[in-house]
Amino acid sequence: MAYPFRSIEKKWQSFWAKNHTFSAAFPSNKPKYYVLDMFPYPSGAGLHVGHPLGYIASDVVSRYKRHKGFNVLHPQGYDSFGLPAEQYAIQTGQHPAQTTDTNIKRYREQLDQLGFSFDWDREFRTSEPDYYRWTQWIFSQLFAAWYDNTSDRAKPISTLIDHLDKWGTDQLDAHCDEDTPLLTATEWKALTSDEQQTYLLHYRMTYLAESEVNWCPQLGTVLANDEVVNGVSERGGFAVERKKMTQWIMRISCYAERLLDGLNTIDWPEPLKEMQRNWIGRSVGATVRFSVFQHDAEIEVFTTRPDTLYGVTFMTLAPEHPLVQNITTDDQRVAVQDYVSQSAKRTERDRMADVKNITGVFTGSYAIHPLSGAKVPIWIGDYVLAGYGTGAVMAVPCGDQRDYEFATHFSIPITNIFADVEIENAAHVEKGETRIANSDFLNGLTVAEATQAAVEHLEKIDRGTAKIQYRLRDAVFSRQRYWGEPIPVYFKNGIPHLISEHCLPLQLPAVEKYLPTETGSPPLGNAIDWAWDETNETVVTIDKINEKTIFPIELNTMPGWAGSSWYFNRYVDAKNNKAFADRDKLEYWGKVDLYVGGSEHATGHLLYSRFWQKVLFDLGHVPVNEFAQKLVNQGMILGESAFIFRKSGTQTYVSAGLINGIDVEPIHVDVTYVDANNVVAHHELKNWRPEFADAKFDLEDGKLIAKREVEKMSKSKYNVVNPDDICDQYGADTLRMYELFLGPIEQAKPWNTAGISGVYGFLNKFWRLFHENEQFSISDEPPSSGMLKSLHTTIEKVTHDIDQFSLNTAVSAFMICVNELTAAKCNHRAILKPLTVLLAPFAPHICEELWEKLGHTSSLSNEPYPIADPMHLKETQITYPISFNGKMRFTLDLDAEATKDEIEQAALADERTAQYLEGKTIRKMIVIPSKIVNIVCG
RNA sequence: GCUCGAGUGGUGGAAUUGGUAGACACGUUGGACUUAAAAUCCAAUGACCAUUGCGGUCGUGCGGGUUCAAGUCCCGCCUCGAGUACCA
């Protein structure tokens with residue numbers, strides 16, 4: 001008989017909900033522990049078995065930490081703004097809020113049935129006004145802040161205004177736009193108020209700028225980079241062009257260095273840190289200015305190899321470089337214009353994908369080498385990106401492979417500036433011990449020495465300067481979408497003004513259509529009530545707009561990452577309507593102690609969150625500047641898709657073993673119709689889909705065999721395993737433990753339902769330990785030493801494994817223990833009681849039930865976790881110095897409890913061992929029951 | 001191309017971080033209990049040799065090396081996975 005998991009799980013889930021068992025206390029004198037999952041986007045498809053893995057792992061840790069005496073915060077909510085709900089709204093007219101609500105209800109049901117110890121009192125969704133009010137508030141904080149390089153932190157914009165009033169831009173070292181004009185205090189004060197506001201946009205942490213977007217005229221919308229494939233839209237395959245639009249941009253680049261440094265202070269997976277480092281892309285080098293021959297112009301380049309300056313034989317500009325038009329000679333004008341318009345048609349992605357074709361065109365002009373004075377030709381090539389560095393490079397074909405190929409292709413001369421290095425076939429890229437030659441004052445220096453000497457010289461003659469360049473770009477923050485946070489800004493004389501804090505939230509207006517307007521404005525352009533009455537500080541109808549007091553409101557909304565970039569702070573005080581969170585609570589809960597989620601957010605959510613946290617920290621709103629101390633990436637659980645094979649052009653399906661040579665196409669088939677031996681229930685296929693009604697089957701041994709392949713779980717691949725089904729068949733405790741048992745958390749692994757019987761069997765065995773002939777039966781006799789050993793070994797192993805986050809091996813430890821206790825017919829209270837607490841984080845329902853049966857009246861969730869008593873530990877590993885030599889492995893007959901002396905005696909009693917031991921000094925001896933494993937000589 | 005990470009039975013995966021390789025589980029085979037099945041329990045299960053005996057040999061992708069001792073450390077390859085990509 002299986003244990004009655006269905007009734008047990010329902011009973012305890014409602015018990016926990018009714019008693020708010022997992023609600024985190026504040027204030028509390030217990031130490032705190034904050035465990036966070038990346039909150040889900042509630043999609044219409046619901047959860048599959050892959051989704052909960054991270055939640056299960058974090059739930060085990062949460063419950064464990066509660067037993068260990070911590071005040072645990074383990075909240076959950078929903079990242080509920082997003083594209084799918086908006087798409088659905090466009091197609092059906094249903095308001096995204098409604099879709100979102102339905103989906104969330106479904107998610108909640110599914111989450112509830114897994115028995116998570118979430119503190120649901122703190123639940124929120126990013127799309128509710130009580131939440132996004134504070135997202136808007138943070139936007140305001142960014143708008144009203146600037147970055148002071150002198151003190152290396154963000155500051156309120158008022159401090160910048162003070163500075164400008166007193167000194168103008170003198171003594172000002174701010175992170176601002178490249179083209180920000182310098183002003184004296186007098187000039188600043190002479191500006192009109194509007195001019196001052198425009199000027200301040202150069203400094204604000206979020207600012208308006210023209211930026212290129214992927215615009216799809218047919219879809220009437222802007223697409224993200226990954227929605228564009230091969231120059232056409234992923235959906236529909238329509239042409240996509242690059243269009244300049246005025247957008248809100250976040251000045252994340254000023255945090256490049258601190259985002260990099262901060263990585264050294266947090267315990268995140270190394271690969272993920274590496275991804276962030278690459279994304280930030282710090283390179284150390286120098287800028288160099290070349291003047292253009294017979295033109296009043298200069299080309300500035302960035303290079304990481306100033307040591308190779310004398311190897312420059314040409315220069316290359318990006319096609320979009322502003323100087324291109326000025327310096328092109330009449331002879332070359334047609335060719336250049338052709339080339340520029342050709343590359344303008346290609347998306348950036350296209351250009352990146354097409355790296356093999358070397359293209360370029362000569363401008364007809366020459367630059368003057370800043371050191372040698374030589375004339376070097378200026379080319380245009382689309383291998384140079386307008387968006388990185390200065391959009392121009394000095395080309396050193398002997399030291400850079402791309403320059404080498406470009407030079408070879410266009411027969412541009414190559415100067416070798418490396419001593420004793422062959423550059424017949426390829427550029428010399430290695431730095432190492434290479435010495436520079438043919439380079440005037442740099443001759444004979446190593447790369448490192450020459451780099452330094454060249455930069456010093458450039459600075460002396462004022463042709464360049466040392467510089468650190470980052471790949472990290474400022475983040476575009478505007479989205480031409482409906483289902484996102486409105487940006488709390490209105491425009492007065494075309495100048496953005498914040499809507500006052502006390503007027504937030506600025507609620508999403510109702511619209512009739514969720515598509516952009518005919519004039520190409522974002523969907524909010526369809527809203528009627530979308531103007532700002534400045535006097536009364538309220539939203540009014542747009543037809544009232546006038547020049548004086550009623551103004552248009554921003555039509556763009558915020559991107560998906562806005563709401564998720566600070567949500568961990570909100571859980572601390574989720575119901576607060578006076579502030580985004582109370583300071584005392586922020587102080588108490590501090591950093592997230594354990595954050596669990598997928599690595600796909602490495603350069604998105606996880607970078608933006610760190611950025612916002614640092615801004616909030618600088619402005620004094622949060623007490624810590626990194627939000628999560630430890631992060632664990634859970635790997636994806638994959639599906640095992642099944643394919644059957646259709647003879648091309650027919651309705652005949654061929655068993656996998658009979659294909660050889662036949663022309664077939666693989667067809668996905670729902671995995672529920674395929675058993676563990678890959679046999680397809682082919683008679684039932686027509687119940688699945690009508691097209692199988694007149695299918696014929698070529699069988700082998702009367703069976704249709706399918707082929708398996710491991711893929712991402714997805715509806716379209718018919719390989720989704722639903723947790724509801726598993727819960728129904730085996731129970732939530734089994735599902736929880738099995739997901740952990742599958743393998744290490746971080747690793748991607750396929751779901752295989754076949755193995756679940758092992759875990760299911762384990763829980764039944766555990767249940768039976770407490771029962772005899774279906775009756776609860778427990779003994780109060782003192783347990784045997786063998787049982788105690790089993791228990792305490794397990795306690796030690798499990799505790800150690802949870803601390804190491806090695807949950808799969810912890811599950812194994814339980815299995816070993818229960819097997820041993822079953823063999824010993826153990827039903828002793830002194831063993832089973834602590835074991836129940838020990839297992840509770842993993843299988844909470846069954847443990848609560850047994851806990852109650854053991855006669856306890858309250859939930860076991862606050863019961864102290866058992867501690868291993870070394871006296872009862874099974875394997876005594878004794879390490880101590882004695883003496884020895886020669887070959888080192890022996891088998892001795894020893895009792896498990898053998899003392900040091902007994903071991904030594906036994907070792908000496910053994911003839912071979914005694915022989916080896918004679919006259920030698922042994923440093924270390926490692927003993928496991930019945931065997932000496934190793935003896936180390938001095 | 002660059003940067004990480006990984007290669008262990010039929011399968012998922014263990015291995016105290018240099019110390020009994022293959023824990024635990026699935027699967028397979030045999031047995032017990034059953035009229036039978038399910039469920040449960042017991043045994044075997046890396047390969048090869050010896051199985052009238054305790055046993056022996058090989059074995060962690062390949063080739064070297066360090067060490068009394070290597071899945072683990074070092075050098076050189078091969079394969080797979082992830083991220084990233086004309087970043088100057």
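Quick note: numbers below take in every heavy atom, side chains included, and nothing from hydrogens, waters or symmetry partners. Naming: A, B, ... by sequence-line order, numbering from 1 per chain.
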*asked:* Going by salt bridge (Lys or Arg N to Asp or Glu O under 4.0 Å), name the residues that satisfy it together with A:R473, two or more places apart in sequence or in a different chain.
replied: none
*Quantified in whole Å, what is the P atom distance between nucleotide B:rA70 and nucleotide B:rA14?*
23 Å
*Would you please enumerate the stems RNA chain B participates in, each stem being three or more consecutive Watson-Crick or G-U wobble pairs with both distances under 3.5 Å?*
B:1-7 with B:78-84, B:10-12 with B:24-26, B:27-32 with B:40-45, B:46-49 with B:55-58, B:61-65 with B:73-77
*For A:H321, check ring pair (Phe, Tyr, Trp, His ring centres under 6.0 Å) against everything at least two apart and list the hits.*
none
*asked:* Quick check on contacts: within residues 301-308 of chain A, what sits under 4.0 Å from RNA chain B by heavy-atom distance?
replied: A:F302, A:T303, A:T304
*salt bridge (Lys or Arg N to Asp or Glu O under 4.0 Å) contacts in which one or both residues fall within residues 268-282 of chain A, not counting sequence neighbours*: A:E257-A:R282, A:E270-A:R277, A:E274-A:R277
_Quick check on contacts: within residues 795-808 of chain A, what sits under 4.0 Å from RNA chain B by heavy-atom distance?_
A:N808
*Considering residues at least two apart in sequence or located in another chain, which fulfil the ring pair (Phe, Tyr, Trp, His ring centres under 6.0 Å) criterion with A:Y608?*
A:W561
*asked:* With rounding to the closest Å, how many angstrom separate the P atoms on B:rU3 and B:rU16?
replied: 29 Å
*Taking the same atom, P, in B:rC2 and in B:rG76, what whole-Å distance lies between them?*
14 Å
*Contacts to RNA chain B from residues 736-751 of chain A, heavy-atom cutoff under 4.0 Å, which residues?*
A:F741, A:L742, A:P744, A:Q747
*Residues that A:H800 engages under ring pair (Phe, Tyr, Trp, His ring centres under 6.0 Å), provided they are two or more places apart*: none
*Listed once per pair and sorted, the side-chain hydrogen bond (donor to acceptor under 3.5 Å, both in side chains) pairs that draw on residues 739-752 of chain A, sequence neighbours left out*: A:W751-A:T753
*Contacts of type ring pair (Phe, Tyr, Trp, His ring centres under 6.0 Å), residue A:Y760, not counting sequence neighbours*: A:Y730
*asked:* Going by salt bridge (Lys or Arg N to Asp or Glu O under 4.0 Å), name the residues that satisfy it together with A:D307, two or more places apart in sequence or in a different chain.
replied: A:R305
